[in-house]
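Here is how names work: the chains are called A, B, and so on, in the same order as the sequence lines, proteins then strands, and each is numbered from 1. On a predicted model such as this, the values are computed, not experimentally measured, just so you know.
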Amino acid sequence: MTTPDILVLGAPFDPEEEARRLRRTGAGAVVTFTGQVRSDGDASLRLVLEHCPGLTEKEISAFAASACERWPLEALVIRHRVGDLFPGEAIVFVGAAAAHRRAAFEAADFVMDYLKSAAPFWKREIDGRGARWIEPRSEDRRDLARWRAHT
Amino acid sequence: MARAVRLRFYGRLREAAGGAERQVALPEHVQTADELVAWIAGGDGALGEALARPSVKVAAGETIIPRDADIRQAAEIAFLPPFSGG
């Protein structure tokens with residue numbers, strides 16, 4: 001079974017380089033997703049992401065391993081930023097490579113739904129008006145729950 | 001005999017605790033995560049209440065543990081508020 005490649009990073013990373021490396025595997029299907037910080041029209045906005053070193057990587061690894069059991073993947077790459085993030089910066093990257101497209105699409109979608117709603121990160125949004133802790137939206141939780149409905 | 005344990009607080013619990021970590025000397029009768037929270041509440045009622053919420057998870061080292069788990073071997077206990085996701 002494929003071993004997921006997971007990094008939680010304190011400094012910017014290049015999603016293009018990650019995608020290029022995945023394409024070089026020669027897999028028939030490569031699906032990549034990059035999440036970026038939205039500006040929402042406020043240039044002063046930034047996000048501060050916190051994680052629990054060791055535990056966060058371990059929890060993500062366990063979930064990613066379940067994706068590798070569920071779909072026949074040739075590679076699964078996860079990159080997640082922590083620290084201060086500004087509009088336009090890449091916050092998360094998920095890339096899945098498989099022989100055929102369905103597995104790659106579904107595995108990337110599944111992993112993103114987990115990362116958005118249930119991964120051990122704590123997120124604060126800071127703008128001109130102050131700082132707020134951000135919780136997953138109910139939509140994010142529903143997105144993750146739909147994978148359970150089909151098992 | 002009291003034992004030295006490092007407590008770590010994440011997210012909004014760090015604000016409730018007034019810092020990311022605390023070094024404490026736990027008395028021998030504190031054997032589970034629940035008992036640790038009760039012991040903390042004895043010195044800081046507001047923090048104890050925040051840590052007692054069922055949505056707060058407790059970790060020993062890199063592993064999330066149940067509230068009634070034995071923590072006598074743990075050198076570090078972390079309190080994790082509800083996860084934001086990324």
Count I, L, V, M, F, W, Y as connected when their side-chain heavy atoms are under 4.5 Å apart, and connections chain through other members. Are A:V92 and A:W147 then in the same cluster? yes
What part of B:R14 lies closer than 4.5 angstrom to a heavy atom of chain A: side chain, backbone, both or neither? side chain
Might you confirm whether atom CZ of A:R24 has over 12 heavy atoms from other residues, nucleotides or ligands at distances under 6.0 Å? yes
Spell out, yes or no, whether A:L73 and A:V30 are grouped together once hydrophobic residues are joined by side-chain heavy atoms under 4.5 Å, including indirect joins. no
Interface residues of residues 115-134 of chain A facing chain B - heavy atom cut-off under 4.5 Å: A:L115, A:K116, A:S117, A:A118, A:A119, A:P120, A:F121, A:W122, A:K123, A:R124, A:W133, A:I134
Would A:V31 and A:M112 show up in the same hydrophobic cluster when neighbours are defined by side-chain heavy atoms closer than 4.5 Å? no
With hydrophobic residues grouped by side-chain heavy-atom distances under 4.5 Å, do A:L7 and A:F13 end up in a single group? yes
Inspect the surroundings of CZ in A:R101 and state if more than 12 heavy atoms from other residues, nucleotides or ligands are less than 6.0 Å away. no
Cluster overlap A:F33 with A:L76, hydrophobic side-chain contacts below 4.5 Å: yes
Tell me the residues of residues 18-32 of chain B whose non-hydrogen atoms fall below 4.5 Å from those of chain A, in number order. none
Taking 4.5 Å as the heavy-atom cut-off, does anything in residues 62-86 of chain B contact chain A, and if so which residues? B:E62, B:T63, B:I64, B:L80, B:P81, B:P82, B:F83, B:S84, B:G85, B:G86
Among A:T56, A:V48, A:L55, A:L49, the residue with the most heavy-atom pairs under 4.5 Å to chain B is A:L55
Can you tell me which portion of A:E59 sits under 4.5 Å from chain B's heavy atoms? Options are side chain, backbone, both or neither. side chain
Please step through salt bridge (Lys or Arg N to Asp or Glu O under 4.0 Å) for the pair B:R12 and A:E50, ending with a clear verdict. CA-CA 11 Å; B:R12 59 178 89 207; A:E50 209 183 306; over 6 Å; no
So which bits of residues 38-51 of chain B come within less than 4.5 Å of chain A, counting non-hydrogen atoms only? none
